[in-house]
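Read the numbers this way: they start at 1 and go in the same order the structure lists the ligands and their atoms. Numbers here are sequence positions counted from 1.
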Amino acid sequence: MEVIIKETYEAMSRAAAHEVARLLNTKPNAVLGMATGSTPLGLYQELVRLHREEGLDFSQVTTFNLDEYVGLQPDHPQSYHYFMHENFFKHVNVPQQNIYIPSGNTSNYRAFCGWYEQRIEECGGIDLQILGIGSDGHVAFNEPGSSLTSRTRLKTLAKQTIDDNARFFDKAEDVPIYAITMGVGTILEARELILLANGDNKAWAVGAAIEGPVTGMVTASALQMHPYAKVYLDSPSATQLKMRDYYDWIEEHRPGAPQSL
Ligand code: GLP
């Protein structure tokens, strides 16, 4: 795992966006795994800027989102469909038919989840998956206790996640209790992973994910088992890392390092 710590949220977002742009410049028809939440907003803004000002092209890109709340219509302002449209898709040129987001309103969740997994496979698998992290260390909606081999499925949200996400809803009771989420196993099959975290409220989760044991109790720790995982952090989210000096040392020596680094 590569740990890249930037002073600010803006610098962290730019660095992560440039990683996505690097992939699209070498593979214009890449399959991207998309994440929601406040964390990747800066990354999406930078990708939109690169599209508008530097011609970054999404016309051959396919996207798969990680998760969606159950029970919200796609036009509900807190649905992940709405989030993606407002914050990313309406500003770039990903073809509508190439956008996949789990349905939170299907009549058969099991069949839908199987179909979603199959579509990922038929599209050649995810090249690069963007991830945030919950304050309890979850990725997507893989709450503590999830299997590290789990696949796309219906999941009951943890109380801590409902409380964290209540800030986006009028009342805590409005936060859906269920979601459809890619599994940890699904996520680990992406060829590259980039996880972003910012703010001191993520410091515990970041420490546990990067330096703690690999455990289903902190599903982001599964990234330790992935051969190409990069973690982009701002300074406040990195305060509980014991190896901080080493990560900074690597960054400092990156310009002169052999190519494969
Ligand atoms: C939700 C999402 C996750 C996201 C997490 C953190 O639980 N399902 O994908 O990483 O929230 O959200 P935020 O970035 O707003 O802190």
Between Lys159 and Glu143, is there a salt bridge with N-O shorter than 4.0 Å?
-> no
Does the pair Glu86/Lys90 count as a salt bridge with the N-to-O cut at 4.0 Å?
-> yes
Among non-hydrogen protein atoms, atom 4 (C) of ligand 1 lies closest to Thr36 O, 4.0 Å
For Ile133, is at least one N or O under 3.5 Å away from an N or O on ligand 1?
-> yes
Salt-bridge criterion met for Glu19 and Lys230 (N-O under 4.0 Å) | yes
Sub-3.5 Å donor-acceptor pair from the side chain of Thr219 to the main-chain atoms of Asn142, do we have one?
-> yes
Answer side chain, backbone, both or neither: which part of Arg167 comes under 4.0 Å from ligand 1, heavy atoms only.
-> side chain
Test: Arg191 and Asp127 ion pair at under 4.0 Å | yes
For atom 2 (C) of ligand 1, which protein heavy atom lies nearest, and how many Å away is it?
-> Tyr80 OH, 3.6 Å
Tyr69-Asn165 side chain donor-acceptor pair, cut-off 3.5 Å | yes
When rounded to the nearest 0.5 angstrom, what distance separates NE2 in His51 from CD in Glu46?
-> 13.5 Å
With the threshold set at 4.0 Å, does a side-chain nitrogen-carboxylate oxygen contact exist between Glu117 and Arg151?
-> yes
Report the member of Ala140, Gly132, Pro40 with the shortest heavy-atom distance to atom 3 (C) of ligand 1.
-> Ala140
Asn165 and ligand 1 - part of the residue with a heavy-atom distance under 4.0 Å | side chain
Can you tell me the protein heavy atom closest to atom 7 (O) of ligand 1 and the distance?
-> His138 NE2, 2.8 Å
Counting both backbone and side chain atoms, is some N or O of Ser38 under 3.5 Å from an N or O of ligand 1?
-> yes
For atom 16 (O) of ligand 1, grab the closest protein heavy atom and report residue, atom and distance to one decimal in Å.
-> Lys202 NZ, 2.6 Å
Decide whether Met225 and Val3 are clustered together by the hydrophobic rule: side chain heavy atoms of Ile, Leu, Val, Met, Phe, Trp, Tyr closer than 4.5 Å, transitively.
-> yes
Closest candidate by heavy atom, reference atom 12 (O) of ligand 1, pool Gly37, Ala158, Ala35 | Gly37
Considering only heavy atoms, does Asp67 approach ligand 1 within less than 4.0 Å through its side chain, its backbone, both, or neither?
-> side chain
Hey, is Tyr69 touching ligand 1 through its side chain, its backbone, both or neither, going by heavy atoms under 4.0 Å?
-> neither
Closest approach of any protein heavy atom to atom 14 (O) of ligand 1, naming residue and atom = Thr39 OG1, 2.5 Å
